[in-house]
Amino acid sequence: MRRIIRYDLVGFLQASRIPNLFIIGSTQYLTLAFLTYSFPEKRAIILSIDFLIMTISTVFIAAGGYIINDYYDQKIDLINRPNKVVVGTKMRRRLAMLAHFVLTTTGILLGFYLDVKIGAIHLFSSFCLWYYSNFLRRLPLIGNLVISFLTSLTMLIVAVYIERNEILIFIYAAFGFSIVLIREVIKDIEDFKGDAAYGVQSIPVLWGIRSAKGFIYLVIIASISFLVTFIIRLDNWLVTYYFVGLFPLFMWFVYKLYHADRKTHFSLLRNFVNLIIFTGLISMILIKRW
């Protein structure tokens, strides 16, 4: 019995993507601390139990989303990444459903406890995550856009919580949307074999890998254009130098993407995009809007 419990606990922790959850929680605190202008209640909110509850509720929603996605994608993942399949191998499927229900319900209830608007956002996000895993994941582009938007919503919900329109939050959320969209399309290219076998109409399956690359190029151009606008509007030389330093990295990425033709190449590019996302969090600290 202890072995089974230990087996399920390890599987639960892996399916929940603990490192990703830590990043989500950190993003919300960094967003509040550094992407908002100073106002009288700011420090009190950062140190408050309510904001901690808001972050925990967001993390619960995300964890439930990760688990339900693994639940529905089990067969596909057995082809795409057999060594990383958790649900059905390291965690019982029934327990996965129960964990998703408990985490999602708790996250929604905590959201409504804080504020009706937060609860409504959590309810909307939970439905989108379930619908994505169950249906939208198999449609071209729509699923990618949904995940990208929900990722940016991690920051936008902070603005809703503090009831302030903060331009930097919207800027970072938009930039995060485009970067995550690039990552999701690369992931679809990685998963081409399994997606094609189970009728998933991703961009690479429907249009071909070359067209998927072309779509990524367009998103990159839009991202760079947005980044230039951001740099011009932001009067902070540290952040300006930081983002200017990203341009050569984008050029390297485009070069590698053009020549990529193996799954290992696309895995490298996906990890590189994750690195850009992580460094974006670091750049928030440079803004210093405490």
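Atom set for the values below is all heavy atoms of this structure, side chains included, hydrogens, waters and symmetry mates excluded.
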If we ignore hydrogens and angles and just use 3.5 Å, is the side chain of [X] paired with the main-chain N or O of [Y] as donor and acceptor?
{"X": "Lys42", "Y": "Thr36", "answer": "yes"}
{"X": "Thr104", "Y": "Phe101", "answer": "no"}
{"X": "Ser178", "Y": "Phe175", "answer": "yes"}
{"X": "Ser152", "Y": "Phe149", "answer": "yes"}
{"X": "Ser211", "Y": "Gly208", "answer": "no"}
{"X": "Ser48", "Y": "Ile45", "answer": "yes"}
{"X": "Lys213", "Y": "Leu257", "answer": "yes"}
{"X": "Lys193", "Y": "Asn80", "answer": "no"}
{"X": "Ser16", "Y": "Leu13", "answer": "no"}

Measure across [X] and [Y] and return the closest heavy-atom pair with its distance rounded to 0.1 Å.
{"X": "Gly65", "Y": "Ile68", "answer": "O-CG2, 3.3 Å"}
{"X": "Ala96", "Y": "Ile67", "answer": "O-CG2, 3.3 Å"}
{"X": "Ile79", "Y": "Ala197", "answer": "CD1-CB, 4.0 Å"}
{"X": "Ile61", "Y": "Ser126", "answer": "CD1-OG, 3.1 Å"}
{"X": "Ala260", "Y": "Leu269", "answer": "CB-CD1, 4.1 Å"}
{"X": "Leu110", "Y": "Ser57", "answer": "CB-CB, 3.7 Å"}

Is there a donor-acceptor contact under 3.5 Å linking the side chains of [X] and [Y]?
{"X": "Tyr172", "Y": "Ser283", "value": "yes"}
{"X": "Gln28", "Y": "Thr58", "value": "yes"}
{"X": "Glu190", "Y": "Ser267", "value": "yes"}
{"X": "Arg183", "Y": "Asn274", "value": "yes"}

Near [X] [atom1], under 6.0 Å, is it more than 12 heavy atoms from other residues, nucleotides or ligands?
{"X": "Phe39", "atom1": "CZ", "value": "yes"}
{"X": "Phe247", "atom1": "CZ", "value": "yes"}
{"X": "Asp261", "atom1": "CG", "value": "yes"}
{"X": "Tyr113", "atom1": "OH", "value": "no"}
{"X": "Ile49", "atom1": "CD1", "value": "no"}

Are Glu166 and Tyr37 side-chain neighbours, meaning at least one heavy-atom pair lies under 4.5 Å?
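Heavy-atom side-chain distance check passes, below 4.5 Å.
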
Among Leu136, Val146, Ile147, Leu123, side chain to side chain contact (heavy atoms under 4.5 Å, CB included) partner for Cys128:
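Answer after filtering Leu136, Val146, Ile147, Leu123: Val146.
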
Could you point out which residue of Asn69, Asp70, Asp73 forms a side chain to side chain contact (heavy atoms under 4.5 Å, CB included) with Ser133?
Asn69

Parallel, tilted or perpendicular: which describes the rings of Phe127 and Trp130, with under 30° parallel and over 60° perpendicular?
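If you compare the ring of Phe127 with that of Trp130, the planes turn out tilted.
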
Is any side-chain N of the basic residue among Arg138 and Asp195 closer than 4.0 Å to the acidic one's carboxylate O?
no

Which value, rounded to the nearest 0.5 Å, describes the distance between [X] atom [atom1] and [Y] atom [atom2]?
{"X": "Asp191", "Y": "Ile76", "atom1": "CG", "atom2": "CD1", "value": "8.0 Å"}
{"X": "Ser125", "Y": "Leu153", "atom1": "OG", "atom2": "CG", "value": "4.5 Å"}
{"X": "Phe253", "Y": "Phe250", "atom1": "CZ", "atom2": "CZ", "value": "8.0 Å"}
{"X": "Ser225", "Y": "Ile220", "atom1": "OG", "atom2": "CD1", "value": "11.5 Å"}
{"X": "Ile203", "Y": "Leu139", "atom1": "CD1", "atom2": "CG", "value": "11.5 Å"}
{"X": "Leu141", "Y": "Asp188", "atom1": "CG", "atom2": "CG", "value": "9.5 Å"}

Centroid-centroid distance, Phe51 to Tyr29, less than 6.0 Å
yes

Would [X] end up clustered with [Y] when hydrophobic side chains under 4.5 Å apart are linked, directly or stepwise?
{"X": "Leu218", "Y": "Ile216", "result": "no"}
{"X": "Tyr198", "Y": "Phe135", "result": "no"}
{"X": "Leu98", "Y": "Val86", "result": "yes"}
{"X": "Ile157", "Y": "Ile167", "result": "yes"}

Can you list the steps and then say if Asp50 with Tyr161 is a side-chain contact (heavy atoms from CB on, under 4.5 Å)?
CA-CA 10 Å; Asp50 281 355; Tyr161 179 82; 3.1 Å; yes

side-chain contact (heavy atoms from CB on, under 4.5 Å) evaluation trace for Lys90 with Gln14:
CA-CA 9 Å; Lys90 299 180 181 179; Gln14 291 182 358; 3.2 Å; yes

Would you please test Asp77 and Lys84 for side-chain contact (heavy atoms from CB on, under 4.5 Å) and show each step?
CA-CA 8 Å; Asp77 288 340; Lys84 295 184 178 180; over 6 Å; no

Which residues end up grouped with Leu78 if you chain together Ile, Leu, Val, Met, Phe, Trp and Tyr wherever their side-chain heavy atoms are less than 4.5 Å apart?
Val85

Checking Met54 against Val160 for the side-chain contact (heavy atoms from CB on, under 4.5 Å) test, could you report, in this order, the C-alpha distance in whole Å, the side-chain angles of both residues, the deciding distance, and whether it holds?
CA-CA 11 Å; Met54 202 275 290; Val160 175; over 6 Å; no

